[in-house]
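What follows is a set of notes on a single structure, which appears directly below.
Basis for what follows: all heavy atoms, side chains included, without hydrogens, waters or symmetry-related copies. Both ligands and their constituent atoms are indexed starting at 1 by order of listing. Each residue takes its place number in the sequence, starting with 1.
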Amino acid sequence: MRGLTRTYRTGRRRDRHVVTANDTIDLDVRRGEIFGLLGPNGAGKSTLVRQLTGLLRPDSGSIDLLGHDLVRRPDVAARLVAYLGQESGALDELTVALAIETTARLRALDAHRARAERDAVLDELELGPIADRPLKKLSGGQRRLACVATALVGDRPVLVLDEPTTGMDPVARRAVWAAVDRRRADSGATVLLVTHNVIEAETVLDRVAVLDEGRVIACDTPGGLKAMVGDEVRLDLVWRADPPMDDPAVGMLARSAVRTGRRWSTRMEPGMARELLASVTSGPAFEALDDFTLSTPSLEDVYLALGGRHQGLVKG
Ligand SMILES: Nc1ncnc2c1ncn2[C@@H]1O[C@H](COP(=O)(O)OP(=O)(O)OP(=O)(O)O)[C@@H](O)[C@H]1O
């Protein structure tokens, strides 16, 4: 995509204002790669993927999808892209098995193949036990998994998945990532993934673009992005009780840490981190400490180091 710009107009008359959701975005996603879009709420990720699925028209710019001009022919996306949006909507009344089979039929599979693919994906995602239940009567995570299953049938060359694993337990998440990876390995599918889960993103993505306020602020492999943060490490302390602020190490950390509930997170150079951790764990502060970790930077640190507005990428 080149120069992709999309605005929304909201409000009426005097209150009317324009939100620039995507601002001259240039990105190349290679065939067969698992490409991630990462960014805080409202960064413009869903707006971007909805244009790539032909559901939303850009104000300006171009999109080339496997050689097709998607701005001129948005209908082409319906044949090439399997899109998993944030909501299940239209499928809610159907049972899991029927939702999958119907999607397969809509993707032009004959009845026999649609049933075979349905059974294979039910098995692959371990959905057998809930196959006969309507989507609307499932838990959030189960419903999401069923929707992923519908996205996977029909062998589409491009999968666009908007936060596919939201609400899922770890077993279901692993099954999803394994299934996505299999599509890429077996049929060379290209996968575009919107995610807030930085830990998952690091393990599954080939490359990732970080979006902030409608713009791409970085694009590289997860390793390449992390190298941008330099050799800083991250020190996380989780307190079970109020930490002793008169402890010099605690006082120093208190000034620089990002606090999330009982967790304090700080990035610093490795020698300093080791020293502070040794001091905190050998002094009186240790009694108040529940857990501590010293780790290499995550993609979340990358985002913060790049100057993103928000405190983190993970949804609250
Ligand atoms: N239909 C709409 N009408 C008006 N403004 C919109 C509309 N959809 C999105 N926006 C605005 O456009 C911006 C980008 O929204 P978008 O949904 O693309 O972000 P996102 O990165 O997908 O966010 P999230 O992580 O919360 O899903 C936000 O400021 C949002 O409020």
Closer than 4.0 Å to some heavy atom of Ala21 - which atoms of ligand 1 meet that? 12 (O), 13 (C), 14 (C)
May I ask you to decide whether Arg118 forms a salt bridge with Asp123, counting only side-chain N to carboxylate O separations under 4.0 Å? no
At under 4.0 Å between heavy atoms, is it the side chain or the backbone of Thr47 that contacts ligand 1, or both, or neither? both
Using a 4.0 Å cutoff against the non-hydrogen atoms of Pro40, which atoms of ligand 1 qualify? 21 (O)
Tell me the contacting part of Gln86 for ligand 1: side chain, backbone, both, or neither, using a 4.0 Å heavy-atom threshold, strictly below. side chain
Is Arg262 salt-bridged to Asp290, going by a charged N under 4.0 Å from an acidic O? yes
Heavy-atom contacts under 4.0 Å between Thr10 and ligand 1: side chain, backbone, both, or neither? side chain
Can an N or O of Gly39 be found at a distance shorter than 3.5 Å from an N or O of ligand 1? no
Taking the six-membered ring of Trp264 as reference, does the cationic atom of Arg259 (NZ for Lys, CZ for Arg) lie under 6.0 Å from its centre and within 45° of its axis? yes
Any N/O of Val19 closer than 3.5 Å to an N/O of ligand 1? no
Connected via hydrophobic side-chain network under 4.5 Å: Phe292 and Met272: yes
Salt-bridge criterion met for Glu124 and Arg183 (N-O under 4.0 Å): yes
Look only at interatomic distance and state if Ala43 has a nitrogen or oxygen under 3.5 Å from any nitrogen or oxygen of ligand 1. yes
Glu101 with Arg105: basic N within carboxylate O range, under 4.0 Å: no
